[in-house]
Amino acid sequence: MPGILILMGPQGAGKGTQAQLLGERMSLPIVATGDILREVARSDSDLGRAVKEIQSEGRLVPDEVLARIVQERTSQPDCRGGYILDGFPRTLPQAQLLEDVAKDQVQRLTAINIEVPREMLWRRLGGRRTCSRCGAVYNIYSKPSKIEGVCDLDGQPLFTRSDDNEESILRRLSLYDEKTRPLFDYYREAGRLFDVDGSGSPEEVFEQIAQLLGARERAVS
Ligand code: AP5
């Protein structure tokens, strides 16, 4: 059983892209906290407005909000056979919460760290375009849509995320170094962290992850 797969890596490393490929090919649900929070941000509520501002500025949403979201979403029946976490955990309290969740759900944790040189991250984030309706993700350099600015799947306009601007990217990367990188030691010491080189094509990165997961499955069975 795959258990809980945590996709880690800096902004633009390709966590969302790999989550999509893994989800389709391993038939696992994806719990992407950034997407769930963008949905919350669209709601006409105090929480929605607060989340919208935090996300646009590239800051982190408080741990208590994430705890509620993750506990609720991962307790749904589709997560019983395992799931992919994209964007969670990002802080030590979130990692500790996840330990409890995994214990309660009797699921094994495996963390994949996707490493990409920083200059490449800027290009990926600067070139990202997202469909305003279905959320499909494109890139003007590496995965352009057939018609510029229009989604191939549903013909809707593509937009640039509000946090993919220079100031927010700098803040997100710096928060990543400060709050999220320390989790590597946490997972590495427990023998649960595996590194992959994220600088190749999406398929090449996927191959590395698939091989790692296959080897881990054989080692524990
Ligand atoms: P979130 O939505 O998770 O964004 P992020 O962490 O900033 O990560 P990104 O989506 O930017 O990067 P990615 O690695 O998924 O890259 P992608 O695959 O899209 O979070 C947004 C915000 O929500 C946070 O800033 C925070 O405010 C809040 N939040 C979320 N979770 C939280 C938490 N746990 N705690 C607190 N707050 C939280 O790829 C990027 C681009 O590169 C795309 O265009 C793609 O097509 C392209 N690309 C991908 N892979 C490749 C490749 N191999 N080769 C070429 N191009 C590629």
Side-chain angles (χ1 to χ4, degrees), residues 6-23 30-41 47 50-71 73-74 84-98 101 112-118 120-131 135-145 151-152 158-165 167-180 183 196-209:
I6 308 168
L7 293 181
M8 303 183 78
Q11 287 68 18
K15 301 180 295 293
T17 303
Q18 293 304 320
Q20 208 62 42
L21 292 174
L22 286 160
I30 301 165
V31 179
T33 48
D35 290 345
I36 297 173
L37 287 165
R38 272 184 287 280
E39 200 58 50
V40 172
L47 178 64
V51 167
K52 189 173 181 183
E53 190 178 323
I54 292 172
Q55 281 196 314
S56 300
E57 291 174 359
R59 291 183 287 125
L60 289 174
V61 172
D63 289 335
E64 312 79 74
V65 176
L66 268 299
R68 264 205 317 275
I69 287 175
V70 169
Q71 274 167 328
R73 175 64 188 93
T74 65
I84 299 165
L85 282 173
D86 165 11
F88 185 93
R90 290 186 202 221
T91 64
L92 201 52
Q94 292 182 13
Q96 284 158 348
L97 171 96
L98 182 60
V101 167
I112 306 283
N113 168 35
I114 308 173
E115 274 301 342
V116 172
R118 206 139 272 211
M120 210 179 250
L121 298 177
W122 279 92
R123 191 174 159 85
R124 287 191 187 174
L125 293 172
R128 173 164 54 192
R129 301 289 181 271
T130 307
C131 175
V137 176
Y138 298 86
N139 194 286
I140 57 170
Y141 306 113
S142 58
K143 192 189 168 196
S145 55
C151 180
D152 294 347
L158 304 181
F159 72 97
T160 301
R161 261 170 53 174
S162 63
D163 55 350
D164 280 347
N165 62 73
E167 201 184 332
S168 297
I169 292 173
L170 275 174
R171 186 174 291 127
R172 285 152 69 201
L173 289 172
S174 126
L175 275 171
Y176 182 79
D177 289 338
E178 185 195 337
K179 305 274 188 194
T180 310
L183 300 188
V196 299
D197 172 6
S199 60
S201 69
E203 280 300 329
E204 286 166 345
V205 180
F206 173 80
E207 265 313 308
Q208 290 180 62
I209 299 176

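In this text, all values refer to a predicted model and were calculated from it rather than measured experimentally. Each ligand, and each atom within it, is numbered from 1 in the order the structure gives.
- Set against the non-hydrogen atoms of Gln94, the atoms of ligand 1 under 4.0 Å away are 33 (C), 34 (N), 35 (N), 36 (C).
- Between Gly12 and ligand 1, at least one N/O pair is under 3.5 Å apart.
- Counting only distance, with no hydrogens or angles, the side chain of Glu204 and the backbone of Ser201 share a donor-acceptor pair below 3.5 Å.
- Using a 4.0 Å cut-off between charged side-chain N and carboxylate O, Lys15 and Asp86 make no salt bridge.
- Within the 4.0 Å heavy-atom shell around ligand 1 one finds Ser201.
- Taking any N or O of Gln55, backbone or side chain, at least one lies under 3.5 Å from an N or O belonging to ligand 1.
- Relative to the six-membered ring of Tyr176, Arg90 misses at least one condition, a distance below 6.0 Å or an angle of at most 45° to the axis.
- Residue contacts with ligand 1 for Tyr138 involve N, CA, C or O but no side-chain atom from C-beta outward (heavy atoms, distance under 4.0 Å).
- Backbone and side-chain nitrogen or oxygen atoms of Asp86 are examined, and none is located within less than 3.5 angstrom of a nitrogen or oxygen of ligand 1.
- Of the protein's heavy atoms, Lys15 N, 3.5 Å lies nearest to atom 13 (P) of ligand 1.
- Applying the side-chain hydrogen bond (donor to acceptor under 3.5 Å, both in side chains) test to pairs two or more places apart or on separate chains, those with a residue in residues 57-66 are Glu57-Arg59, Asp63-Thr91, Asp63-Gln94.
- Taking only nitrogen or oxygen atoms, main chain and side chain alike, Arg38 reaches within less than 3.5 Å of ligand 1.
- With ligand atoms numbered from 1 in the order given, ligand 1 contributes 25 (O), 26 (C), 27 (O) to contacts under 4.0 Å with heavy atoms of Arg59.
- The shortest N or O to N or O distance between Gly87 and ligand 1 is below 3.5 Å.
- The N/O atoms of Leu66, backbone and side chain alike, include none that comes under 3.5 Å of an N/O atom in ligand 1.
- Close approach of ligand 1 to Gly200 is summarised as follows: ligand atoms under 4.0 Å from at least one heavy atom of the residue are 52 (C), 53 (N), 54 (N).
- Considering backbone and side-chain atoms together, Leu37 places no N or O closer than 3.5 Å to any N or O of ligand 1.
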Can you check side chain to side chain contact (heavy atoms under 4.5 Å, CB included) on Leu22 and Phe206, steps first, answer last?
-> CA-CA 8 Å; Leu22 286 160; Phe206 173 80; 3.7 Å; yes
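- By the 3.5 Å distance cut-off applied to N or O atoms, Asp35 is not counted among the residues near ligand 1.
- In this structure a side-chain-to-backbone donor-acceptor pair under 3.5 Å is missing from Gln11 to Leu121.
- Proximity of Gln20 to ligand 1 is not established, as no heavy-atom distance is less than 4.0 Å.
- When only interatomic distances are considered, the shortest N/O to N/O separation between Ile54 and ligand 1 does not fall below 3.5 Å.
- Against a heavy-atom cut-off of under 4.0 Å, Asn139 is close to the following atoms of ligand 1: 41 (C), 42 (O), 43 (C), 44 (O), 46 (O), 47 (C).
- Ranking protein heavy atoms by distance to atom 16 (O) of ligand 1, first place goes to Gly14 N, 3.4 Å.
- A distance-only check finds a donor-acceptor pair linking the side chain of Thr33 to the backbone of Gly87 [under 3.5 Å].
- For atom 24 (C) of ligand 1, the closest heavy atom belonging to the protein is Arg90 NH1, 3.9 Å.
- The distance criterion of under 3.5 Å between nitrogen or oxygen atoms is not met by Pro89 with respect to ligand 1.
- Under the 4.0 Å criterion applied to side-chain N and carboxylate O atoms, Asp177 and Arg118 are assigned as salt-bridge partners.
- Although no hydrogens or angles enter the test, the distance criterion places a donor-acceptor pair under 3.5 Å between the side chain of Ser168 and the main chain of Ser56.
- Remark: side-chain polar atoms of Asn139 are paired, donor with acceptor, to backbone N or O of Arg124 under 3.5 angstrom.
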